[in-house]
Structure formats: C-alpha cells, structure tokens
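Both counts, for ligands and for their atoms, begin at 1 and track the order of listing.
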Amino acid sequence: MKGSKVSFFIAVLLVLSLLAGCGQAATPTQPAAPAQAEANQPAAAEKTYADMTLCYPQLGAESDWRTANTASFKETATELGIKQLVFSDAQQHQENQISAVRACIQQGVDVIALPPVVEDGWDAVLTEAKNANIPVIIVDRSVSADSSLYAAHIGSNMVLEGERAAAEFNKAMPDGGAVLELSGTTGSGAAVGRAEGFRNKLNPNITILDSQTGNFTRAEAVPVMQAFLKKYTPGVDFQGIFIHNDDMGIGAIEALKAAGVKPGDLTIVSVDGTRGGFQAMVDGWFQADVECNPLLGPQVYQMALDLMNGKTIEREVLTNETVYYPDNAAELLPTRKY
Ligand code: AHR
C-alpha cells in the first residue's frame with residue numbers, strides 16, 4: 001500500500017514536470033513564428049519595377065525636346081526593367097491622346113503618365129481613370145482639370161521660363177523697344193505659361209508688337225516668320241523676338257537669313273536648351289536660351305512605383321532649371337544630352 005502510494009506520487013510529479021517543461025518551451029517559439037512571417041510580409045508584397053505596366057501616351061514628335069523626352073521614357077524603361085511600357089504618339093492631337101488613355105484604362109495598366117498637348121478637356125477621361133483606380137501623373141505641361149482627378153504633376157515651371165526670357169530682354173533693351181513673339185501650341189500649358197510669365201516681367205517700355213503661333217515646330221515657324229517680315233521691318237519696327245522653343249527658333253533663323261538679317265541684328269531669346277539652341281548661340285543668333293529639361297523618365301517611374309506601393313508622393317514636382325548664354329555655349333555643346 002505504502003509502496004504504491006509513493007509510486008503514484010512519483011508518477012504525478014513526473015507528469016507535472018513534463019507539462020511544465022512543455023509550457024516553457026512553447027512560450028518563446030509560438031509567438032515568434034507569426035512575428036517573423038509579418039516581418040517578411042512587406043518585403044514580399046512590395047512591388048518592383050518588374051511588376052510595372054506604365055502607359056505613356058506621348059503627345060507627338062514635334063521638336064528635338066520631344067524626341068529627347070520620348071527617349072528618356074523608353075531608355076529608362078529598359079534600364080529599370082519595367083514589365084511593359086505602353087507607348088503611343090498622338091501626333092499633336094488631343095483626341096488621339098484621349099483614345100490612347102482609354103485604351104490603357106481598358107488594358108488595366110498600373111499607372112498612366114500623361115503629357116497633355118493642351119490644358120483643357122481632360123476632365124472626362126481623368127475621371128474614367130480615377131474610377132478605374134489607375135493613378136495618373138501629369139507630365140511636362142499642365143492641365144486645367146481639378147487636381148483631385150490626378151495624382152501629381154512633374155514638369156517645368158513654364159511661367160518662370162517666360163519670366164526668365166523677359167528678364168533677358170529687359171537687360172538687352174534697357175531703353176525699350178518692340179518685340180515679336182513666336183508662340184507654342186495654342187492652349188498648351190507650355191505656351192500659356194511662357195506667355196504669362198513673359199508679360200509678368202517684361203519692362204513697360206518694351207511692347208509686344210505681334211504674337212503668332214508656330215505650334216512648336218520648325219516647319220510651321222518658317223511661314224510665320226516670313227509673314228512677320230512682310231509686315232514689319234527688323235531693326236525698325238521691332239528689335240527682338242521671343243521664341244517659345246528652339247525648333248521654332250531654328251525655323252525663324254532660316255526665314256531671317258533669307259531676308260538678309262544677320263546674327264546679332266536682333267535680340268533673340270528662345271526656350272529649351274537643345275543642341276540646336278546651343279548651336280544658334282554659338283552662331284550668334286540667340287542671346288540666351290532658357291532651359292526646359294525633357295529628361296523626366298527617371299523621376300516619373302520612381303513616382304509611379306511609389307504610387308503602386310501606396311507611398312506618399314509630392315503632388316507638384318518642378319524641375320530645377322537655368323538660363324544658358326553664348327559665352328560658354330561652344331564649350332557646353334558637346335556635353336548636351338539632347
Ligand atoms: O512642353 C514642353 C515644350 O514642348 C518644349 O518647349 C517644346 O520644345 C516641346 O514641343
């Protein structure tokens with residue numbers, strides 16, 4: 001009896017100590033497993049460039065600036081190894097751009113980066129993208145649509161560019177005079193902003209004699225300049241020309257040369273800072289070239305990835321730019337990327 005009692009107690013003690021041992025072992029390991037899984041979760045869920053399908057409905061191929069902008073998007077897509085770049089060329093027609101955006105919504109791309117040819121008329125298609133939960137980054141030029149319809153804007157400060165151009169005329173023509181304006185695509189953020197900035201800062205003793213659009217192209221600038229030269233005498237009726245981009249500047253030079261105007265006869269200020277613009281400074285035609293940087297690809301892809309990962313982004317990203325002058329244009333020309 002005595003012996004069986006003892007062995008009963010020993011058995012109970014053994015069972016209790018075994019149970020206690022199991023409890024101790026379970027305490028540190030059990031909660032650790034889910035915590036480790038949680039820690040691994042974000043890294044596994046984070047989207048990478050390899051997951052990205054980005055839509056870039058380019059507005060056209062009207063200028064060297066635009067060619068460089070397209071190259072920036074295509075080359076960066078390859079460098080980053082994105083899944084797919086859905087690229088199209090709207091040939092400067094807004095309806096083509098709208099159709100391209102709609103096709104991208106249908107396809108279910110991750111992000112749309114839109115360089116709008118003009119400012120107005122985007123509300124409907126931006127609403128469609130928003131309803132489809134596809135974020136839109138407005139690239140380069142601006143839109144007039146409500147900012148709740150798109151995620152962000154990345155591009156140049158076009159008003160500042162116009163102001164910088166005005167400052168060059170104020171310096172070159174302290175006693176005043178008259179200038180012509182060869183403007184960009186009517187209704188485009190670039191043309192609207194540059195015209196506004198130019199008027200903001202131009203000295204009151206300098207008048208804008210006439211302003212016509214050359215649609216940002218070399219070919220269209222030639223007849224516009226020829227028509228100006230039929231109406232107004234260079235050096236008499238006007239002393240300067242503000243040209244909204246380098247391509248139109250090169251077209252204007254062609255018309256000026258044909259009319260017997262020599263480099264330096266007029267103050268000419270252009271915008272972009274392309275190789276063509278630098279060459280025009282080297283040749284003595286442009287007195288200044290206001291920079292507008294087309295190499296926006298890397299920034300846009302980075303923002304698109306941040307959007308795909310639900311990160312907070314800056315809503316307005318303006319490019320840091322400068323003004324170029326003839327004094328070091330020859331030296332800088334070989335280093336220009338566009
Ligand atoms: O929107 C940027 C402008 O568009 C550039 O100044 C011009 O060259 C381009 O066509």
Side-chain angles (χ1 to χ4, degrees), residues 56-73 89-94 96-97 113-120 122 137-144 153-166 168 181-198 211 213-222 224 241-253 268-281 286 288-297 299-300 316-324 336-338:
Y56 197 55
Q58 180 59 286
L59 69 87
E62 75 285 0
S63 62
D64 287 349
W65 188 102
R66 192 64 52 197
T67 305
N69 180 256
T70 292
S72 173
F73 275 82
D89 176 348
Q91 302 184 342
Q92 295 237 69
H93 295 296
Q94 186 181 28
N96 294 346
Q97 271 196 303
L114 171 67
V117 62
V118 289
E119 285 188 306
D120 297 340
W122 296 102
I137 304 171
I138 304 295
V139 178
D140 163 29
R141 304 174 184 178
S142 48
V143 291
S144 60
H153 169 237
I154 296 183
S156 300
N157 185 338
M158 307 294 186
V159 175
L160 181 63
E161 290 174 355
E163 291 178 349
R164 285 179 165 159
E168 296 307 319
E181 184 182 41
L182 194 39
S183 153
T185 302
T186 306
S188 68
V192 172
R194 287 169 193 169
E196 184 191 322
F198 192 59
S211 176
T213 180
N215 205 19
F216 281 128
T217 71
R218 235 171 261 204
E220 285 167 86
V222 178
V224 176
I241 317 171
F242 171 38
I243 306 179
H244 282 207
N245 82 342
D246 289 345
D247 282 77
M248 292 194 297
I250 292 160
I253 291 169
I268 303 179
V269 176
S270 178
V271 185
D272 276 357
T274 60
R275 284 193 204 101
F278 269 71
Q279 189 59 56
M281 286 196 282
F286 292 175
D289 203 353
V290 179
E291 183 189 16
C292 180
N293 193 333
L295 309 178
L296 302 172
Q299 275 171 288
V300 171
E316 178 78 13
V317 182
L318 296 175
T319 316
N320 257 337
E321 291 165 341
T322 187
V323 181
Y324 298 110
R336 299 299 297 159
K337 292 203 175 79
Y338 55 94

(message) Looking at every heavy atom in both Asp89 and Ala61, which two are closest together, and how far apart are they?
(response)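 Closest approach of Asp89 to Ala61: OD2-CB, 4.0 Å.
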(request) Check Thr274 against Trp65 and note the closest heavy-atom contact, atom names and distance. (result)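 Residues Thr274 and Trp65, closest heavy atoms: CG2-N, 4.1 Å.
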I'd like to check the side-chain hydrogen bond (donor to acceptor under 3.5 Å, both in side chains) partners of [X]; sequence neighbours left out, ordered by chain and number.
X	result
Glu163	Asn200
Thr322	none
Gln92	none

(request) Evaluate the ring planes of Phe73 and Tyr56, with Trp represented by its six-membered ring, and classify them as parallel (under 30°), tilted (30 to 60°) or perpendicular (over 60°). (result)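 Taking Tyr56 first and then Phe73, their aromatic rings lie parallel (interplane angle under 30°).
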(message) Residues around ligand 1, heavy atom under 4.0 Å from any ligand atom, sorted by chain and number. Can you pull those?
(response)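 The 4.0 Å shell around ligand 1 contains Glu62, Ser63, Trp65, Arg66, Asp140, Arg141, Met158, Ala190, Arg194, Phe216, Asn245, Asp272.
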